[in-house]
Amino acid sequence: MAFDIDMIKKVYERMAGRVDSARKIVGRPLTLSEKILYNHLWDGFPKEPFKRGVDYVDFAPDRIACQDATAQMALLQFMQAGKKKVAVPTTVHCDHLIQAKIGADKDLQEAINTSSEVFNFLASVSNKYGIGFWKPGAGIIHQVVLENYAFPGGMMIGTDSHTVNAGGLGMIAIGVGGADAVDVMADMPWELKFPKLIGVKLTGKLSGWTAPKDVILKVAGILTVKGGTGAIVEYFGEGAVSMSATGKGTICNMGAEIGATTSTFGYDASMERYLRATGRDEIADAANKVAPYLTGDDEVYENPEKYFDQVIEIDLSALKPYINGPFTPDLATEVGGIKEKAIKNGWPLEVEWGLIGSCTNSSYEDLSRAASIAKQAVDKKVKAKAEFGINPGSEQVRYTAERDGLLDIFENLDAMIFTNACGPCIGQWAREGADKQKKNTIIHSFNRNFSKRADGNPNTHAFVASPEMVAAIAISGKLDFNPMTDALINADGKEVMLDEPTGFELPPKGFDVEDPGFVAPVEDGSGIDVIVSEDSKRLQLLDPFTPIGDKITNAKLLIKVFGKCTTDHISMAGPWLRFRGHLDNISNNLLIGAVNAFNQETNSVKNQLTGEYQPVPDAARAYKAAGIYSVVVGDHNYGEGSSREHAAMEPRHLGVAAVIVKSFARIHETNLKKQGMLGLTFANENDYDLIQENDTFNFVDLDQFAPDKQLTLEVEHDDRTKDIIKLNHTYNQNQIDWYKEGSALNLIKKENAK
């Protein structure tokens, strides 16, 4: 069925008028990204051209999606907004709170047993406020969205950084913090700095062992984890048209790993095929009527250098399979070159696990291509040397794959079929022996491979590859196995080669499912009570934040972070996911994964009040109890990774007034602003080196906080010497108002009360 078809038709009905108007105002042909952005302006028809990377613009997204870990805090905030119903179509998906351990059925039941309080809360809030609810086991949010809600030319936001997956169906889909989602749920404009545009021209066609995954693995190697920051990546060319919709989704999904605002492809025949295969003929028919508006103008793709800020060209016919990692998703190596790097760097060559799935690579096509490799191993009498784990993307994918015998093939290799959920990809993996912190190697088709990400072991070297390459390497048990050149020894002692993978873009017999797991909300939820127990350890109603104010003096350094600091370092997932709805409890993981620049240890900082070293949250609580604000100092791309707003709410809750870094990841910077904090950058990056362990901070001119005006920081050192540091910021007046009110939510409540 086509959800929200009337909304989608309205988007298409207005598109020609708004896009034609924008083309005249801008005075040139438009990219697909620009067409979608200009069609979703909060004020309707465009009145002026916007400067990329400069102008803040108000948008009106079509829909919102939330996963269960982030939905808790988003909906707890929405409950304060004073609204009876969400203003745009919204869904909640229960996919994060299910731990992979012994297999799908038992793991799912265990999750229901242990997290029923949270699931019941989400179900009741969804029912009360008109939100669609996808039950535990229904599938991974982004695969479910692609199958049911994504549509060409639409704009959506989601409380997960991999919301960008929907770009595989030609959307502008952007990951945000929960506070951003609350804005849109409450019928407020959603603000975004008008993105820069990176064009990726794809020529040729994929073949052999090369998969769509390899496109984004190569792009990640080119752009690095921050090269896409502030930009939309738009893919085009004959190579783009030749790929499946789910393959496009894989590429867009991992665009989050280069810091991109989002990624997208123009509408084409593969998208139409996918829409029709997933029961959305009405959307395909409507899209066909406005097809020229659902892709970039011809002139743009013919001369991309004139219209994009940066252009990358990749010949798919010459592209080789890649393995990226370990510890960062942008360390790209062609399959044939991994051995030399591994030996040089001391990476274990023996592979202990191969994991296939996650929101990135869990479509029917992905499973079928990986299964073709697994079947060869069985048929050629080759036993898998590594253990196998499979996470189907949705109940529809799982049911169809089971019907067609794909899951049996994996089970014949002794693979473990996990629940249709995120599982190991987000640290929800009870991996046996991980607590021993043994140095080891795993390979997976996920998107992220930061230290501790999958199993909590800092010595697990996680590598990223396509599902078919993961299958081949897991079967061989060797990271340096190259299926294009290397043989395997079978049970008879004979050398055998793996043939190239084969698969199906779409299931030959069509998709099928008995119970997709969707629960529609009642029409009128006014009589539904949402109850949160006062003694709950999992859920906590929110109290509004008090404004920090314009006089911050005698603030203490909480931590000076050394090197990479992702949102996983700031607010770990894994076992901490159970506290995502309880701000005070989850704040006990604040920055416990970050490395202290002064002692090179994690979760050990100096409490200036006592002179003792203690866990970061304990020091923060001590300063807060004493009525003293604290400050966090960080390096480049601070807050990369997940969209989790807990990484901003926790420091706010524990009394951090400012986060000062060399540069921010986009979503995290916005999250800090939304929570009424100061997110600032060093005007001179070298001033990071001036910060000492016992420093005290005084903000000299915060009472003059204004757009485009630097702030001045006085840093007092232990020896009573001082440094004056200039700080930059990107706050506009609206965001400064958030700060003055204490949070964006406080401002929403104030305006709704008028």
Side-chain angles (χ1 to χ4, degrees), residues 18-19 21-61 155 157 172 174-177 180 183 189-199 223 226-234 255 258-264 296 300 304-311 636-639 661-674 678-685 704-711 726-739 744:
R18 290 191 183 185
V19 171
S21 176
R23 195 183 286 113
K24 290 178 182 178
I25 288 172
V26 174
R28 57 169 173 76
L30 298 177
T31 65
L32 166 65
S33 304
E34 290 172 312
K35 291 180 181 181
I36 299 175
L37 291 171
Y38 277 107
N39 189 36
H40 286 85
L41 297 178
W42 178 261
D43 292 331
F45 273 83
K47 301 178 180 64
E48 59 180 324
F50 296 110
K51 295 177 184 176
R52 298 176 190 168
V54 176
D55 291 335
Y56 281 96
V57 182
D58 286 341
F59 292 100
M155 173 185 268
I157 60 173
I172 292 295
I174 300 175
V176 299
D180 276 17
D183 283 354
W190 174 64
E191 184 185 71
L192 177 73
K193 184 179 286 187
F194 204 82
K196 293 182 178 181
L197 298 176
I198 298 174
L223 290 176
K226 60 181 181 179
T229 302
I232 293 177
V233 182
E234 185 171 323
I258 57 172
T261 301
T262 192
S263 305
T264 195
V300 169
E305 289 79 8
K306 291 176 60 178
Y307 303 103
F308 291 97
D309 298 289
Q310 180 180 354
V311 177
H636 275 299
N637 208 29
Y638 183 88
V661 299
K662 294 180 182 178
S663 65
F664 282 108
R666 175 190 64 85
I667 300 176
H668 186 64
E669 181 182 23
T670 300
N671 285 346
L672 292 172
K673 293 177 179 180
K674 287 280 185 177
L678 294 172
L680 309 169
T681 55
F682 292 104
N684 178 358
E685 290 183 3
Q704 301 169 46
F705 193 14
D708 303 316
K709 183 178 180 179
Q710 287 184 328
L711 290 173
K726 290 293 184 180
L727 302 172
N728 294 334
H729 68 84
T730 61
Y731 287 74
N732 59 27
Q733 188 55 54
N734 189 45
Q735 295 166 344
I736 291 173
D737 290 342
W738 298 343
Y739 176 78

>> If I take atom NZ from residue K35 and atom CD1 from residue I172, how far apart are they, to the nearest 0.5 angstrom?
In response: 12.5 Å

>> Looking at every heavy atom in both H668 and Y638, which two are closest together, and how far apart are they?
In response: NE2-CE2, 3.5 Å

>> Give me each pair satisfying salt bridge (charged side-chain N to carboxylate O under 4.0 Å, His left out) with a member in residues 189-199, each pair once, sequence neighbours excluded.
In response: none

>> What's the separation between atom CD1 in I36 and atom CE in M155, rounded to the nearest 0.5 Å?
In response: 8.0 Å

> Any donor and acceptor pair, going by atom type alone, linking the side chain of D309 with main-chain N or O of L197 inside 3.5 Å?
Replying inline: yes

> Going through the checks in order, is the side chain to side chain donor-acceptor pair (under 3.5 Å) test met by K726 and Q710?
Replying inline: CA-CA 6 Å; K726 290 293 184 180; Q710 287 184 328; 5.0 Å; no

>> If I take atom CD1 from residue I232 and atom CD1 from residue I174, how far apart are they, to the nearest 0.5 angstrom?
In response: 5.5 Å

> Checking H729 side chain against A706 main chain: does a donor-acceptor pair fall under 3.5 Å?
Replying inline: yes

>> Walk me through whether V176 and W190 qualify under side-chain contact (heavy atoms from CB on, under 4.5 Å).
In response: CA-CA 10 Å; V176 299; W190 174 64; 3.6 Å; yes

>> Taking side-chain contact (heavy atoms from CB on, under 4.5 Å) as the criterion, tell me which of L192, I198, V233 meets it with T261.
In response: L192

> Partners of A22 by side-chain contact (heavy atoms from CB on, under 4.5 Å), sequence neighbours excluded?
Replying inline: L30, Y38, P46

> Do you know the tightest heavy-atom contact between G175 and I667?
Replying inline: O-CD1, 3.2 Å

>> Using every non-hydrogen atom in the two residues, find where R23 and R28 come nearest and quote the distance to one decimal.
In response: CG-O, 3.2 Å

> Does the pair V57 and L41 meet the rule for a side-chain contact (heavy atoms from CB on, under 4.5 Å), with working shown?
Replying inline: CA-CA 8 Å; V57 182; L41 297 178; 3.6 Å; yes

> How long is the gap from OH on Y307 to OG on S33, to the nearest 0.5 Å?
Replying inline: 15.5 Å

> Once you round to the nearest 0.5 Å, how far does CG of N671 lie from CZ of R666?
Replying inline: 9.0 Å

> Does the N732 side chain pair with the main chain of N734, one donor and one acceptor, at a distance under 3.5 Å?
Replying inline: yes

>> side-chain contact (heavy atoms from CB on, under 4.5 Å), that's the test. Do L727 and F682 meet it? Break it down for me.
In response: CA-CA 5 Å; L727 302 172; F682 292 104; 4.2 Å; yes

> What distance separates F194 CZ from E34 CD, expressed to the nearest 0.5 Å?
Replying inline: 5.5 Å

> Passes ring-ring contact (aromatic ring centres under 6.0 Å, His included), Y731 versus F705? Steps please.
Replying inline: CA-CA 9 Å; Y731 287 74; F705 193 14; 5.1 Å; yes

> For N728 and A683, which heavy atoms make the closest approach, and how far apart are they?
Replying inline: ND2-CA, 3.5 Å

>> Using the rule given for side-chain contact (heavy atoms from CB on, under 4.5 Å), can you reason through F50 versus E48, listing the C-alpha separation, both sets of side-chain angles and the distance that settles it, and then say yes or no?
In response: CA-CA 6 Å; F50 296 110; E48 59 180 324; 3.9 Å; yes

> For G199 and F308, which heavy atoms make the closest approach, and how far apart are they?
Replying inline: N-CD2, 3.4 Å

> Is the number of heavy atoms from other residues, nucleotides or ligands under 6.0 Å of K24 NZ greater than 12?
Replying inline: no

> Considering all heavy atoms of both residues, which atom of F664 and which atom of G679 are nearest to each other, and what is their separation?
Replying inline: CE1-C, 3.6 Å

> With a 4.5 Å heavy-atom cut-off, do T730 and K673 have their side chains touching?
Replying inline: yes

